[in-house]
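Just so you know, these numbers use all the heavy atoms, side chains as well, and skip hydrogens, waters and symmetry mates.
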Amino acid sequence: MRDGFEGQRQISLPGTIFKNSGLINGILNQIFITHIGYFPKATHHFRERRKGCTDNIFIYCLSGKGWYIVDKKKYEVGPNQFFQIPATKQYLKYGADDEQPWTIFWVHYSGNDMDTFNKQINISIYDEPKNIPYNEKGLGIWEEIYKSLEMGYSKDNLNNANMCLYHFLSTFLYPDRHFPVSEDKDMVRETIVFMRDSINDRLAVADFASRYQLSMSHFSSLFRKATGMSPMEYFIQLKIQWACQLLFNSKVKIKDIARDIGYDDPYYFSRLFKKMMGISPERYRIMNQGC
């Protein structure tokens, strides 16, 4: 999609960066980042690479669905799954599901000897998507990489980003070393991410519980134990939190903000907002102008 995706973040490093800096031959940069990005709800996302790709392609699907094809075999990708396509000359393509487009964090990386690197850590073009608990640690490292590259391509910034790349990959390749959390906590984290990505939808407890094949009462009990709130209380809180951000834009009408977070009735939204924030949306907007 040429115009990109609302909220996307993306950095493509110039091809001459590592060659000119001499880092490509350095011991610290046996693998190095070439592109990095985040695509939220990437509707119509699609890439076709007829001659393959000289980089390894890493994609972590946070929510929604997608797919990829390598050597004529298609793989389906869902929430909290990741996959890697090693550097290859094989025809490949990948993209978002038409009805439930994926939200993805992704990294392309390369090196002097990618064949050896991929063999050593068992990355193959025939690998299927792998399940993983919500990888908060990995996303934190991704953020560190992105911020480092945002500050420019100095030797220190590049070294820091590429050293972080190893740590980032390890959280996915060796999850048992990085996630000593219970299944219940993992389920709650995944649910909260799902809530954030579905902020404009009308969802009920049944929608959250069914994702884990649990009864509504059991799911609600586990969620409350972890957060101190019921699932719907938490979901509404996230909706109002997003509404507060939208209210900073004085040009957006209250009724449109209500619709953006899933409420067709602006009066109901206003009552809900006042109940949670203590003031009306209009008053909140006035009080925060100029901040």
Side-chain angles (χ1 to χ4, degrees), residues 1-15 17-18 31-49 52-70 74-88 90 92-97 100-111 114 117-118 121 123-125 127-150 158 161-173 175 178 190 193 196-197:
M1 188 173 179
R2 294 183 178 180
D3 296 332
F5 314 101
E6 184 176 357
Q8 79 170 43
R9 302 165 71 187
Q10 180 176 354
I11 294 175
S12 294
L13 282 74
I17 287 294
F18 289 99
I31 57 171
F32 51 88
I33 298 161
T34 56
H35 310 272
I36 184 172
Y38 163 67
F39 290 167
K41 290 189 176 180
T43 304
H44 306 310
H45 177 224
F46 172 78
R47 289 302 304 269
E48 182 178 36
R49 299 178 182 273
C53 184
T54 57
D55 302 332
N56 273 23
I57 300 172
F58 176 97
I59 295 179
Y60 173 32
C61 178
L62 203 62
S63 63
K65 297 178 182 179
W67 54 270
Y68 63 100
I69 296 175
V70 185
K74 185 174 183 178
Y75 303 89
E76 303 291 339
V77 185
N80 282 303
Q81 289 189 320
F82 75 94
F83 65 93
Q84 290 199 75
I85 303 175
T88 180
Q90 294 275 7
L92 62 94
K93 59 182 177 180
Y94 48 91
D97 181 77
Q100 300 180 56
W102 60 12
T103 290
I104 55 174
F105 286 82
W106 54 269
V107 179
H108 289 207
Y109 63 97
S110 191
M114 292 307 294
F117 176 84
N118 289 327
I121 56 176
I123 301 176
S124 164
I125 61 170
D127 289 343
E128 297 182 355
K130 294 180 173 61
N131 297 316
I132 191 170
Y134 172 60
N135 195 346
E136 183 177 7
K137 184 175 184 179
L139 294 180
I141 299 168
W142 184 96
E143 190 68 35
E144 171 63 30
I145 293 172
Y146 196 90
K147 287 181 178 178
S148 187
L149 295 175
E150 269 190 323
L158 292 172
N162 292 329
M163 291 175 76
C164 284
L165 175 61
Y166 285 97
H167 195 190
F168 171 78
L169 293 174
S170 74
T171 65
F172 289 90
L173 298 175
H178 296 274
E190 290 179 1
V193 172
R196 290 176 59 187
D197 288 338

Shortest non-hydrogen contact from Thr34 toward Ser110: CG2-CB, 4.1 Å

Value rounded to 0.5 Å, distance of CD1 in Ile145 from CZ in Phe168: 6.5 Å

Beyond-backbone contact of Trp106 with Phe82, side-chain heavy atoms, under 4.5 angstrom: no

Heavy-atom check, side chain of Tyr68 versus side chain of Pro129, under 4.5 Å: yes

Sub-4.5 Å side-chain heavy-atom contact between Leu158 and Leu149: yes

Spacing of Tyr60 atom OH and Trp142 atom CH2 [to the nearest 0.5 Å]: 13.0 Å

Distance (rounded to the nearest 0.5 Å) between Lys93 NZ and Lys74 NZ: 8.0 Å

Residues which pass salt bridge (charged side-chain N to carboxylate O under 4.0 Å, His left out) with Arg9, listed by chain and number, not counting sequence neighbours: Glu143

From CG (Leu165) to OG (Ser170), nearest 0.5 Å: 10.0 Å

Which atom of Ile132 lies closest to which atom of Thr171, heavy atoms considered: CD1-O, 3.6 Å

Residues Ile31, Leu169; criterion side-chain contact (heavy atoms from CB on, under 4.5 Å); working and verdict: CA-CA 11 Å; Ile31 57 171; Leu169 293 174; 4.1 Å; yes

Pairwise side-chain contact, Ile59 with Val77, heavy-atom cut-off 4.5 Å (strictly under): no

Side chain Tyr146, main chain Gln10, donor-acceptor under 3.5 Å: yes

Parallel, tilted or perpendicular, as decided by the 30° and 60° cut-offs, for the rings of Phe172 and Phe58: perpendicular

From CG (Leu13) to NE2 (His108), nearest 0.5 Å: 12.5 Å

Heavy atoms of other groups near Lys137 NZ, more than 12 under 6.0 Å: yes

Side-chain heavy atoms of Asn56 within contact of Met114, under 4.5 Å: yes

pair Leu62-Leu139: side-chain heavy atoms closer than 4.5 Å: yes

Minimum-distance pair of heavy atoms, taken over all atoms of Ile141 and Cys164: CG2-O, 3.5 Å

Residue pair Pro79 / Ser63: nearest heavy atoms and the distance that separates them: CB-CA, 4.1 Å

Check: Ile57 and Arg49 side chains under 4.5 Å, non-hydrogen atoms: yes

Evaluation steps, side-chain contact (heavy atoms from CB on, under 4.5 Å), between Leu173 and Gln84: CA-CA 10 Å; Leu173 298 175; Gln84 290 199 75; 3.7 Å; yes

Considering all heavy atoms, the nearest Ser148-Ala161 contact: OG-N, 4.1 Å

Heavy-atom pair with the smallest gap, counting every atom of Ala96 and Ala42: CB-O, 3.2 Å

Donor-acceptor under 3.5 Å (Thr88 side chain, Gly52 main chain): no

Steps toward side-chain contact (heavy atoms from CB on, under 4.5 Å) verdict (Tyr75, Asp127): CA-CA 9 Å; Tyr75 303 89; Asp127 289 343; over 6 Å; no

Parallel, tilted or perpendicular, as decided by the 30° and 60° cut-offs, for the rings of His45 and Trp102: tilted

Between Asn80 and Tyr134, a side-chain donor and acceptor under 3.5 Å: no

Donor-acceptor contact below 3.5 Å, side chain Lys65 vs main chain Glu76: no

Contact check, side chains of Val107 and Ile36, non-hydrogen atoms, under 4.5 Å: yes

Distance (rounded to the nearest 0.5 Å) between Phe39 CZ and Ile104 CD1: 6.0 Å

